[in-house]
Amino acid sequence: MKQIQAQLSDQLRATEHSWAEIGREFQRRFHVNARVAMRQARGWTQPEAAERWTRRWPDDPKTFKNFSYWEAWPSSTGYAPSLEVLDRMAQLYECSVADLLSDLDDYGAKKRPVFSQIREPGQAVGGVPPSRQAPQPHALAAAAPHPAPGPGARFDPYFGPPPPRPADELGANPGELLSSMSAVAEISSLMESPDGGNSLSRRSALLNLSSLFAVAAAAPLAGAGADEVAPPSPAGRVDGPMIENTGLIVGGLRQQNAALGPSATVQTGLAVRAMMESVVKDAPSGLTGQAWVVYGDLAHLLGWMMFNMGQDEAARFYYDDARKAAYQADDYELAANILAAQAHLSMSAGDHQTAIDHAQAAEEAAKRSPSRRAKAYAADMTARVYASAGQGARSLAALERERKQMQRIDWAEPAAERWGFYGPAFYWARESECHLLLGHPVEAADAGALAQQRFNPAYLHNNAMALARRAQAQVQFGDVPAACRALAEAARMATLAGSVRLTTEMTRAREQLAPHESESIVQALDVRMAKYRRQRGSADTPGRASASVEEVL
């Protein structure tokens, strides 16, 4: 098709047709709108058009996504280009502004279609088109913290609409989860708020309850004593089902960490790791590799929790421990995952060169693995560390590699439990973070909305991190009310799923609001954030005495 278009364009130019005339011919022959037709007439892809725009107006750089949204308008999946944008596009394509709008309806014509007959993508059953959002000056100016999937949801240009959640999905709504749990008499007594509903008491009950569940799940691994592991016996020897059970426990801990944060999970994880040391030691030769994989997953999870809690030295210890386990098991998929985590740790410490080295090692390990998820995630971390180092072109190229790998993944195909966190929501959260680091606030806010749209709302920590970064982007492009709403929602989630890293992101967002201190909406935000800090209790306040490295190791 591209060759046919190039040949047609050359022939028409040779007969002295203008670019506007060639564009109209492309509209007629290839059934595209005026903006697409004018670009295709020049033989440019969207990235090539964006490159030429940026070269001509370096103070106002654009990406292929900008062109994609302008070309999709006026459908509900596009954004309306401003008059200034249309003027510059006309200069770029050597046509008039009117030529770029010639596909729009003429409402002064005698015969015009009834509005209800205009078809748009995603038309509802019964012929009634979905309502179309009015174009916003900024992509997220009127977006709610959790946009519901549907006609008003942010259009995802890569992965389509988010999958519908089952109506009976337990845990999708933390409030529903608490209600169902409180129906059990034994649990209800634990959840009873002695002070009339104080959030701190409710949180303490939840943390105690989550630990009880995890310890109960781990009980088959433990002996009769509370503080020691029972020696293998004929009835409880290390075998395949036992190791598989342990893997399920690690998966449960991973989900608990995602939902409630590291403080609610780390102590149980440390206890399970102590048990796993004896399991690895006593595993028969045929099961040693499988045991090392479970141990490596658990050590990796512990490193991630320590990292979120601000214990970088402990995180480094557990990541090294996990990587050794991955090599013992000869599992390059696990090794890639851990190397990516080590890159993140080095990046956070400001050691960009080591972070890049770890990220590149992760990509090399992923190439030796058959897992597309490993390849995509390694590229994801490479994008992140390059963005942190200010290398924008390399960061965006890595995001493109990640996207292409993700589009090859069959999401219905079962994968290792360690990848439960990974999916389109994670991709958009990463793209949001990279654009934020690179100084592209509108793109960061757009991607943040797509992440929020796809994240499981029960995963409070992930949602709160995405909201905190989204608030930073909204401040940067001047939407203070939306930033305050996003930051308040992140602070609310942090009362149950807080971490040092999340607190840091929220602090950054609040610091960027400093020029707007006198505005009433910022003052109201401060009151609400102070209330949430009090609810988290003294255990989570900045400046508390943190556990020593020896204690967490």
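Along the sequence shown, residues are numbered consecutively beginning with 1. For clarity, every value in this text was computed on a predicted model and none was experimentally measured.
- For the pair Arg418/Val293, a side-chain contact is recorded, criterion being any heavy-atom separation below 4.5 Å from C-beta on.
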Could you list the donor-acceptor pairs under 3.5 angstrom formed between side-chain atoms of residues 375-383 and any protein atom two or more places apart in sequence or on another chain?
| unit_1 | atom_1 | unit_2 | atom_2 | d |
| --- | --- | --- | --- | --- |
| Lys375 | NZ | Ala366 | O | 3.4 |
| Lys375 | NZ | Ser369 | O | 2.5 |
| Asp380 | OD1 | Arg430 | NE | 2.5 |
| Asp380 | OD1 | Arg430 | NH2 | 3.0 |
| Asp380 | OD2 | Arg430 | NE | 3.4 |
| Thr382 | OG1 | Glu363 | OE2 | 2.9 |
| Thr382 | OG1 | Ala378 | O | 2.9 |

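- Taken from CZ in Arg470 to CG in Leu487, the straight-line distance is 12.0 Å, to the nearest 0.5 Å.
- Taking every heavy atom of both residues into account, Ala374 and Ala336 meet most closely at CB-CB, 4.5 Å.
- Between Ala451 and Ala425, the shortest heavy-atom distance links the atoms CB-O, 3.5 Å.
- For the salt bridge (Lys or Arg N to Asp or Glu O under 4.0 Å) condition, no pair includes a residue of residues 258-271, sequence neighbours left out.
- Put simply, the side chain of Leu502 does not reach to within 4.5 Å of the side chain of Asn308, judged on heavy atoms.
- Using a 30° and 60° split on the angle between ring planes, Phe426 and Phe421 fall in the perpendicular class, above 60°.
- Considering only residues two or more places apart in sequence or on other chains, Glu417 meets the side-chain contact (heavy atoms from CB on, under 4.5 Å) condition with Arg254.
- Counting only residues at least two apart or in different chains, side chain to side chain donor-acceptor pair (under 3.5 Å) contacts with residues 336-351 comprise Asp320-Gln342, Arg323-Gln342, His344-Arg384, Asp351-Thr354.
- Using a cutoff of 4.0 Å between basic side-chain nitrogens and carboxylate oxygens, Glu511 and Arg508 are not scored as salt-bridged.
- Remark: Arg316 does not engage Glu313 in a salt bridge, criterion side-chain N to carboxylate O under 4.0 Å.
- The distance from the CG atom of Leu467 to the CD atom of Glu505 is 12.0 Å, given to the nearest 0.5 Å.
- Glu277 is linked by a side-chain contact (heavy atoms from CB on, under 4.5 Å) to Arg273, Tyr295, counting only residues two or more places apart in sequence or in another chain.
- In this structure, Thr265 OG1 and Leu253 CG are separated by 6.5 Å, a value rounded to the nearest 0.5 Å.
- Minimum interatomic distance between Pro47 and Phe64 (heavy atoms only, all atoms of both residues): N-CB, 3.7 Å.
- The side-chain hydrogen bond (donor to acceptor under 3.5 Å, both in side chains) check on Gln407 picks up Arg403, with sequence neighbours excluded.
- Two residues are said to be in side-chain contact when any heavy atoms from C-beta on lie closer than 4.5 Å; His435 and Pro441 fail this criterion.
- A side-chain donor-acceptor contact under 3.5 Å links Thr504 to the backbone of Val500.
- Considering all non-hydrogen atoms of both residues, Ala359 and Ala343 come closest at N-CB, 3.7 Å.
- Considering only residues two or more places apart in sequence or on other chains, Glu402 meets the side-chain hydrogen bond (donor to acceptor under 3.5 Å, both in side chains) condition with Tyr422.
- The closest side-chain donor-acceptor pair between Trp419 and Glu333 falls under 3.5 angstrom.
- The heavy-atom pair separating Ala341 from His300 by the smallest distance is CB-NE2, 3.6 Å.
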Test side chain to side chain contact (heavy atoms under 4.5 Å, CB included) on Gln405 and Arg373 and set out the steps. CA-CA 8 Å; Gln405 285 292 342; Arg373 286 173 171 85; over 6 Å; no

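- In this structure, the side-chain contact (heavy atoms from CB on, under 4.5 Å) partners of Asp357, at least two apart in sequence or on a different chain, are Gln353, Gln360.
- For Ile338 against Tyr319, the heavy-atom pair with the smallest separation is CG2-O, 3.5 Å.
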What's the verdict on side chain to side chain contact (heavy atoms under 4.5 Å, CB included) for Met465 and Asn462, showing C-alpha distance, side-chain angles and the deciding distance? CA-CA 5 Å; Met465 287 292 288; Asn462 290 347; 5.9 Å; no

Could you walk me through whether Val279 and Met242 pass the side chain to side chain contact (heavy atoms under 4.5 Å, CB included) check? CA-CA 9 Å; Val279 170; Met242 181 183 186; 4.1 Å; yes

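- At least one cation-pi condition fails for Arg492 and Tyr532: the charged atom is not both under 6.0 angstrom from the six-membered ring centre and inside a 45 degree cone around its axis.
- Taking CD from Gln472 and CZ from Arg469, the interatomic distance works out to 8.0 Å, rounded to the nearest 0.5 Å.
- Residues that satisfy the side-chain hydrogen bond (donor to acceptor under 3.5 Å, both in side chains) test with Asn257, not counting sequence neighbours, are absent from this structure.
- Note that CG of Leu460 and OG1 of Thr495 are 8.0 Å apart. Values are rounded to the nearest 0.5 Å.
- The distance from the CG atom of Leu301 to the CE atom of Met306 is 10.0 Å, given to the nearest 0.5 Å.
- When the ring-ring contact (aromatic ring centres under 6.0 Å, His included) test is applied to His358, no partner is found at least two apart in sequence or on another chain.
- Listed by chain and number, the residues in a side-chain contact (heavy atoms from CB on, under 4.5 Å) with Arg394 are Tyr386, Gln391 (sequence neighbours excluded).
- Remark: Arg528 engages no residue in a side-chain hydrogen bond (donor to acceptor under 3.5 Å, both in side chains) (not counting sequence neighbours).
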